Amino acid sequence: FGLPAVEAMAAGAPTLASRIPALVEVTDGEAVLFDPHNVDELTTELEHVLGDHQYADELRARCRAQARNYTWDRTAAATADAYRTVLSSR
């Protein structure tokens, strides 16, 4: 699902995540995404976040805001809705 990325964002970390479907979805453009098979791209992005404090602070703020979209109440409601859908189709 991408729970570690959401936890990092909620904690205020300037989040970098591999560009895979689950992480693209949960970060929704607010984290820095990189090709998981490209070490040079990851290195460049890490250097940018670590070397530019203003950029890192902006990224932290965006990540915190995105993480607020994911709550346990929302997760429970979505899970219950999925169960209802499955059970009503039987």
Side-chain angles (χ1 to χ4, degrees):
F1 160 71
L3 189 57
V6 174
E7 290 175 334
M9 292 188 301
T15 306
L16 286 81
S18 59
R19 194 178 300 112
I20 61 171
L23 296 177
V24 169
E25 181 179 345
V26 300
T27 60
D28 195 28
E30 301 305 335
V32 174
L33 299 176
F34 61 90
D35 179 342
H37 303 288
N38 187 331
V39 174
D40 292 334
E41 185 178 358
L42 172 58
T43 301
T44 298
E45 296 298 351
L46 280 170
E47 288 173 345
H48 187 194
V49 169
L50 294 172
D52 185 336
H53 297 290
Q54 181 178 349
Y55 175 70
D57 289 343
E58 292 167 1
L59 184 57
R60 279 186 190 90
R62 292 193 342 246
C63 287
R64 277 191 192 110
Q66 176 62 16
R68 284 192 283 276
N69 291 319
Y70 293 93
T71 66
W72 287 115
D73 288 340
R74 179 179 170 211
T75 300
T79 302
D81 287 345
Y83 286 142
R84 278 191 215 83
T85 300
V86 168
L87 291 173
S88 70
S89 67
R90 293 181 145 214

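These figures come from a predicted structure and were not determined experimentally. All values below come from the heavy atoms of this structure, side chains included, with hydrogens, waters and symmetry mates left out.
The only option from Asp73, Thr79, Thr71 that meets the side chain to side chain contact (heavy atoms under 4.5 Å, CB included) definition with Thr75 turns out to be Thr79. Only one option out of Leu23, Leu42, Leu33 pairs with Leu16 in a side chain to side chain contact (heavy atoms under 4.5 Å, CB included); it is Leu42. Exactly one residue among Thr27, Val26, Thr15 makes a side chain to side chain contact (heavy atoms under 4.5 Å, CB included) with Val6. That residue is Val26.
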Stepwise, does the side chain to side chain contact (heavy atoms under 4.5 Å, CB included) test hold for Glu41 with Thr44?
CA-CA 5 Å; Glu41 185 178 358; Thr44 298; 5.7 Å; no
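For CD of Glu7, the number of neighbouring non-hydrogen atoms (other residues, nucleotides, ligands) closer than 6.0 Å is greater than 12.
Expressed to the nearest 0.5 Å, how far CD of Glu45 lies from OG1 of Thr43 amounts to 10.0 Å. Met9 contributes atom CE, which lies 11.0 Å from atom CZ of Arg68 (distance to the nearest 0.5 angstrom). Taken from CD in Glu30 to CD in Glu58, the straight-line distance is 11.5 Å, to the nearest 0.5 Å.
Note: the hydrophobic cluster containing Leu50 does not contain Phe34 (ILVMFWY, side chain heavy atoms under 4.5 Å, direct or indirect links). Residues Ile20 and Tyr70 share a hydrophobic cluster, clusters being chains of Ile/Leu/Val/Met/Phe/Trp/Tyr side chains in contact below 4.5 Å.
A donor-acceptor contact closer than 3.5 angstrom is absent between the side chains of Asp57 and Gln54.
Scanning all heavy atoms of the two residues, the minimum distance from Cys63 to Ala31 falls at SG-CA, 4.2 Å. The shortest non-hydrogen separation linking Ala56 to Pro14 is O-CB, 3.9 Å.
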